[in-house]
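Data block below; observations after.
Because the structure is a prediction, the values reported are computed rather than measured.
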Amino acid sequence: KYVVYPWVHVVPAWWLAKGSFTGFRCLEHDLECGWPSSFDPAVPDLYRRFYAELARALGDGIDSLCVALTADYGEVGYPTGWGSWVSRLVPPRDHVHPGFWCGDVHAREALRRFALGRHGSLDGVNREWGTRFATPASITHPTPDSPLSWRRDFGDFYVGALVEFADRVTGIA
């Protein structure tokens, strides 16, 4: 049996050449790593192209396919740096460590949509989280001392985003 385990977290040169790459960005340092953000709406196209080329090249020769995501070893997760030895990350995209990887523009917008969807309105978000956001654009991530409801919602958002991305990529594969 021929089992293929393609690992799609290293961005190919043609993707970078498009000039629209969005990598995971950590909240702690506001720096990007070289792995594509699962929040970037263009990333599913990367997977579509990859799997189409894989099917074209190997077709019926594949007995099984393991779907790998953009985390260190293809697991459902965010970057930690353990797999950086494989990708040889170079500056300025060599920043990777355990932490929260949802600081890019797409992730921030996804958090806003999540919060507004969960609480119905900006007033609902402010009431539930004990915040005073003036506009939806000002909704942001909690800090360790933020109210529990805000931190709990962030946890639901962060883990839920992984599940949604895994479902999307599995469907593509």
Side-chain angles (χ1 to χ4, degrees), residues 8-12 14-51 67-72 74-81 89 92-173:
V8 189
H9 83 282
V10 178
V11 181
W14 61 262
W15 187 262
L16 290 175
K18 290 174 63 172
S20 59
F21 173 78
T22 301
F24 279 115
R25 182 173 289 275
C26 85
L27 291 181
E28 184 179 356
H29 306 106
D30 194 31
L31 294 172
E32 186 180 73
C33 91
W35 298 333
S37 171
S38 57
F39 295 97
D40 182 350
V43 168
D45 289 336
L46 173 67
Y47 276 88
R48 277 186 203 90
R49 180 171 174 178
F50 178 83
Y51 284 115
V67 178
L69 302 178
T70 58
D72 288 66
E75 71 279 14
V76 179
Y78 294 101
T80 62
L89 299 173
R93 294 189 175 104
D94 60 340
H95 184 78
V96 64
H97 57 79
F100 290 105
W101 291 91
C102 54
D104 67 82
V105 63
H106 304 294
R108 291 177 182 276
E109 181 56 33
L111 175 61
R112 292 179 190 109
R113 284 191 312 272
F114 173 88
L116 292 169
R118 175 163 277 191
H119 299 295
S121 66
L122 183 60
D123 287 339
V125 171
N126 283 329
R127 188 173 37 257
E128 183 64 30
W129 290 359
T131 53
R132 292 190 176 104
F133 296 121
T135 66
S138 60
I139 294 173
T140 191
H141 305 89
T143 60
D145 59 343
S146 294
L148 179 60
S149 59
W150 189 0
R151 290 180 285 139
R152 184 179 50 242
D153 279 353
F154 174 73
D156 289 348
F157 157 75
Y158 198 64
V159 172
L162 282 176
V163 172
E164 289 172 21
F165 184 68
D167 283 347
R168 194 172 332 128
V169 169
T170 302
I172 291 167

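- Counting non-hydrogen atoms of neighbouring residues, nucleotides and ligands closer than 6.0 angstrom, the CZ atom of Phe133 exceeds 12 such neighbours.
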Verdict with supporting geometry, Leu27 and Cys102, side chain to side chain contact (heavy atoms under 4.5 Å, CB included): CA-CA 7 Å; Leu27 291 181; Cys102 54; 3.8 Å; yes
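- Within the 4.5 Å cutoff, side-chain heavy atoms of Leu122 are placed close to those of Ile139.
- In this structure, CH2 on Trp101 lies 8.5 Å from CH2 on Trp35, to the nearest 0.5 angstrom.
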Candidate pair Phe114 and Phe154, rule side chain to side chain contact (heavy atoms under 4.5 Å, CB included), full reasoning: CA-CA 9 Å; Phe114 173 88; Phe154 174 73; over 6 Å; no
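- With rounding to the nearest 0.5 angstrom, the CZ atom of Arg132 is 9.0 Å from the CG atom of Asn126.
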Determine, stepwise, if the pair Asp145 / Thr143 fulfils side chain to side chain donor-acceptor pair (under 3.5 Å). CA-CA 5 Å; Asp145 59 343; Thr143 60; 2.5 Å; yes
Taking it one step at a time, do Trp150 and Phe157 satisfy ring pair (Phe, Tyr, Trp, His ring centres under 6.0 Å)? CA-CA 10 Å; Trp150 189 0; Phe157 157 75; over 10 Å; no
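- Between His29 and His95, the ring planes lie perpendicular to each other; the angle is over 60°, past the 30° to 60° tilted range.
- Scanning for salt bridge (Lys or Arg N to Asp or Glu O under 4.0 Å) contacts around Glu32 gives Arg93, with sequence neighbours left out.
- How far OG of Ser20 is from CG of Asp40: 7.0 Å, rounded to the nearest 0.5 Å.
- Residues satisfying the salt bridge (Lys or Arg N to Asp or Glu O under 4.0 Å) criterion with Arg151, sequence neighbours excluded, are absent altogether.
- When all heavy atoms of Pro36 and Leu46 are compared, the pair lying nearest together is CG-CD2, 4.3 Å.
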Given Arg118 and Asp153, is the side chain to side chain contact (heavy atoms under 4.5 Å, CB included) satisfied, shown in steps? CA-CA 9 Å; Arg118 175 163 277 191; Asp153 279 353; 2.8 Å; yes
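- In this structure, the separation between OG on Ser146 and CH2 on Trp129 is 9.0 Å, given to the nearest 0.5 Å.
- With 3.5 Å as the limit, one finds no donor-acceptor pair spanning the side chains of Thr22 and Asp104.
- Separation of atoms CD (Glu75) and OG1 (Thr70) is listed at 9.0 Å; rounding is to 0.5 Å.
- Atom OG of Ser121 sits about 7.5 Å away from atom CG of Leu116, to the nearest 0.5 Å.
- Residues Gly34 and Phe21 approach most closely at O-CZ, 3.6 Å, considering heavy atoms.
- Nearest approach of Cys33 to Pro79, heavy atoms of both residues: SG-CG, 4.0 Å.
- For the residue pair His106 and Pro41, the shortest heavy atom distance occurs at ND1-CD, 3.3 Å.
- The two residues Val125 and His119 come nearest to each other via the heavy atoms N-CB, 3.7 Å.
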Evaluate Val105 against Arg25 for side chain to side chain contact (heavy atoms under 4.5 Å, CB included), listing each step before the verdict. CA-CA 9 Å; Val105 63; Arg25 182 173 289 275; over 6 Å; no
Which donor-acceptor pairs under 3.5 Å do the side chains of residues 162-173 make with protein atoms, sequence neighbours left out?
from, atom 1, to, atom 2, distance (Å)
Thr170, OG1, Ala166, O, 2.7

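- Between Tyr78 and Ala161, the shortest heavy-atom distance links the atoms OH-CB, 3.7 Å.
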